[in-house]
Every structure is written in C-alpha cells, then in structure tokens.
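When a ligand or atom number is given, it counts from 1 through the structure's own listing order. Keep in mind that what you see is a predicted model, and the values were worked out from it rather than measured. Just so you know, these numbers use all the heavy atoms, side chains as well, and skip hydrogens, waters and symmetry mates.
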Amino acid sequence: MDTNNIKHEVIESLKTARTAGDIEEIRIREMGKNGRISGLLKSLGELPPEERKTAGKQYNILKTEVEKAIEEHAAAIRLEARNAEILRNKVDISLPVTAGAASRGRIHPLSEVGDELLAIFASMGFGVEQGPDIESEYYNFEALNIADSHPARDMHDTFYLPGNKGLLRTHTSPVQIRAMERLEPPFRFVAPGRTYRRDSDQTHTPMFHQVEGMAVGPDIHLGHLKWTLQHFLETFFETEVELRFRPSYFPFTEPSLEVDVRCERVEGEIRIGTGTDWLEVLGCGMVHPKVLGNCGINPDTFQGFAFGAGIDRLAMLKYGIPDLRSFFDGDVRWIQHYGFVPLHAPTLEGGLAP
Ligand code: PHE
C-alpha cells in the first residue's frame, strides 16, 4: 500500500476518534509493536538494497507524519475535555450563599481599622505611601534628625539585624523621608504599616502597627494639622471628641505635640468623648526644617505637618479590646468575637463598621 494512502486512512479514522482511548487504539494499530507502520519499517531489511533507501525514507516520513497527526488530535481532544470540565464546574455566583459559609470567616480588627483609616484619609485627599520593614539607620534615625546619642537608638528599643544588615523600623516615620525624596510638594499621604520595638506587656508587643500622616506645601500650618486630626478622630470614633494638645518633643518635628482625647472609664471600659479622663492617641508636629532640607525640600518655601498614631491602640479603644497581645495569638474564638463580617467594606457613606 502506498504511504500516502496509509496517511489518509489514519487521518480519516482520527476524525471519528472521540476519546483518548479511541486515539490510543489507532496508535497501537499503526505504530504498536505489531502495527502496520511498524511492520513496514521492519520489512525494510527484506528489500533489495536499491529499493531500501527510498522506501526507508518514505516510511520514516510516514511514521513522523502519522505521529504528528495523532499527537495533534490527542491535544485537541484533551483541550475539548478540559473546556467541557470548566463549563461543568461553572459557579453560579447569583445563587444565595449557604448561611454557614458566609458567616465563618472574619476580618481581623487591625485590617478593619486599617481600612477605616484609609477610607477617612482618602476622603481628605491623602494618598498612600509605603516603605520597607527593614530600614537603614539613615532612614529610621539620621534623616529624621535623631542624633546618635538619642535614647531611641538604644539597643533596648531597636531590633538590629546581625552583621550590619540594618534594623527593623521602630516607627513609620522613615516613610516620610522616602516619600519626600520622591515627591514634589505640595503632597499629602498616609503610610500605615508594621513597626518593631523591644517591648512586651499588656499594652506593648514587639511588633505593632502605626499610621504616619504627612502634608507638605507652601502654606501648611498648625491649624491644618489640628483640623485634620479633629476630623480624623471624630470620623473614626463616630462621635464628637474633644482633643487636648500637649507640648512634647520629637527630633523631627518643631514644635512637637502629643494629642489626648477626652474619655471616661465605665465599668472597666473606656468611653471616648465624655468624662474627665484623657488618653494619649498620637504624636505630631510641624516638620523640622532640617528634615525637609535632608530630603531636598527648601524649608524657606515649604512647610509641613506630620503625625504618627498607633493603629493597634486605636483599634483597642474603638472596639473595646483589653489586651494588645490577643491581636497576635491567632485564637479562632477571639477572631469570632472581635472580627468583622468580610463582605462589609468600611466607607464613610456606608458606615465605617457594621
Ligand atoms: N514617630 C513618632 C513615634 O513613633 C510619632 C510621630 C510621627 C511624631 C510624626 C511626630 C510626627 O512615636
């Protein structure tokens, strides 16, 4: 039989093959140990030498072409099977969720509060900046005007990486530097993230979270800072709050202030907005001219404010969570109690928390 005919016959039979099994059958029939094409190749030895060369060439071409046709058809069938499988497994997202599945997962209070903060500051036109957890001395201290002799540099506070490989940032303020180096004033942003200090008790964990805020422009003054913080805290606590600004000291701000909110303790719970107690919630100030200068921003042309608040502390206050360490225990009972329903994204319009 002519090799062309064999080829066409195989192609014709492939057309009717529907499954991987059908194809395997054809393969065995042609190329198997006792297959037709294998037989042809075996028969070469019996041909006279003059014919052997041309026949050998022909048979080998036939073999390659048939192999290719079989493989192509097999691939097409595999694809078809996979598409059918995908269609079969289609999820109808319009179906109601089974009650159990919908209520199982919970959003961690820190993620919730982080999202709330971003929603509040986005509404005031603040962008979001980020920086690395592993920082250099320069970004964490030096550029922020924190002298070598400053107690914050003490080994007791800072986690240094072995072999001079940097440190774990002790606050989110290095993000101020990274952002100022890159951005042209005017700009304003918040920078939430993890921070680290050698500290551990009921209100301190070695890893905690801060949110940094910063605004730089030609006419930024303390009034902007005070209004921003007032608006932020009232929106966050969803009540009127009275703030108390106390003079303080940070090397990177001048003047520096600490901010307390009026509160009251009722049966072991803290209530924000009323009472005769004060609770510190953040540190802030006007950006020190040296710090602006360190980042190539002319302090004669531009001023800025900055603040830093503990996100964990804000979450504890707003949601009445007594022990900071419980945030990081990974206890399912705790997250069931303090966690948030996943499908509720906090927005100013829709209410921050359900
Ligand atoms: N980085 C300061 C801290 O961790 C907080 C702060 C930020 C103060 C910005 C002033 C301005 O305590």
Per-atom contacts of ligand 1 with [X], taking only distances under 4.0 Å to non-hydrogen atoms:
X	result
Gln176	9 (C)
Cys284	8 (C), 10 (C), 11 (C)
Gly283	6 (C), 8 (C), 10 (C)
Gln210	3 (C), 4 (O)

Below 3.5 angstrom, do we get any N/O pair linking Ser173 and ligand 1? yes
Answer yes or no: does an N/O atom from His171 fall short of 3.5 Å to an N/O atom of ligand 1? yes
Under 6.0 Å between ring centres, would you say that holds for Phe307 and Phe121? yes
Can you tell me the protein heavy atom closest to [atom] and the distance?
atom	answer
atom 5 (C) of ligand 1	Gly308 CA, 4.1 Å
atom 9 (C) of ligand 1	Glu212 OE2, 3.3 Å
atom 12 (O) of ligand 1	Phe250 CE2, 3.8 Å
atom 2 (C) of ligand 1	Phe252 CZ, 3.8 Å

Does the pair Lys15/Glu12 count as a salt bridge with the N-to-O cut at 4.0 Å? yes
Please state whether the rings of [X] and [Y] are parallel, tilted or perpendicular, taking 30° and 60° as the class boundaries.
X	Y	answer
His231	Trp227	parallel
Phe141	His171	tilted
Phe187	Phe189	parallel

For atom CG of Asn164, is the number of surrounding heavy atoms from other residues, nucleotides or ligands below 6.0 Å larger than 12? no
Applying a heavy-atom cut-off of 4.0 Å, say which part of Arg197 lies close to ligand 1: side chain, backbone, both or neither. side chain
Would you mind reporting whether Leu233 and Leu243 have side-chain heavy atoms less than 4.5 Å apart? yes
Is the terminal nitrogen or CZ of Arg178 (NZ for Lys, CZ for Arg) located under 6.0 angstrom from the six-membered ring centre of Tyr139 and within 45° of that ring's axis? yes
Option set Ala309, Ala306, Gly310, criterion heavy-atom distance to atom 11 (C) of ligand 1, minimum: Ala306
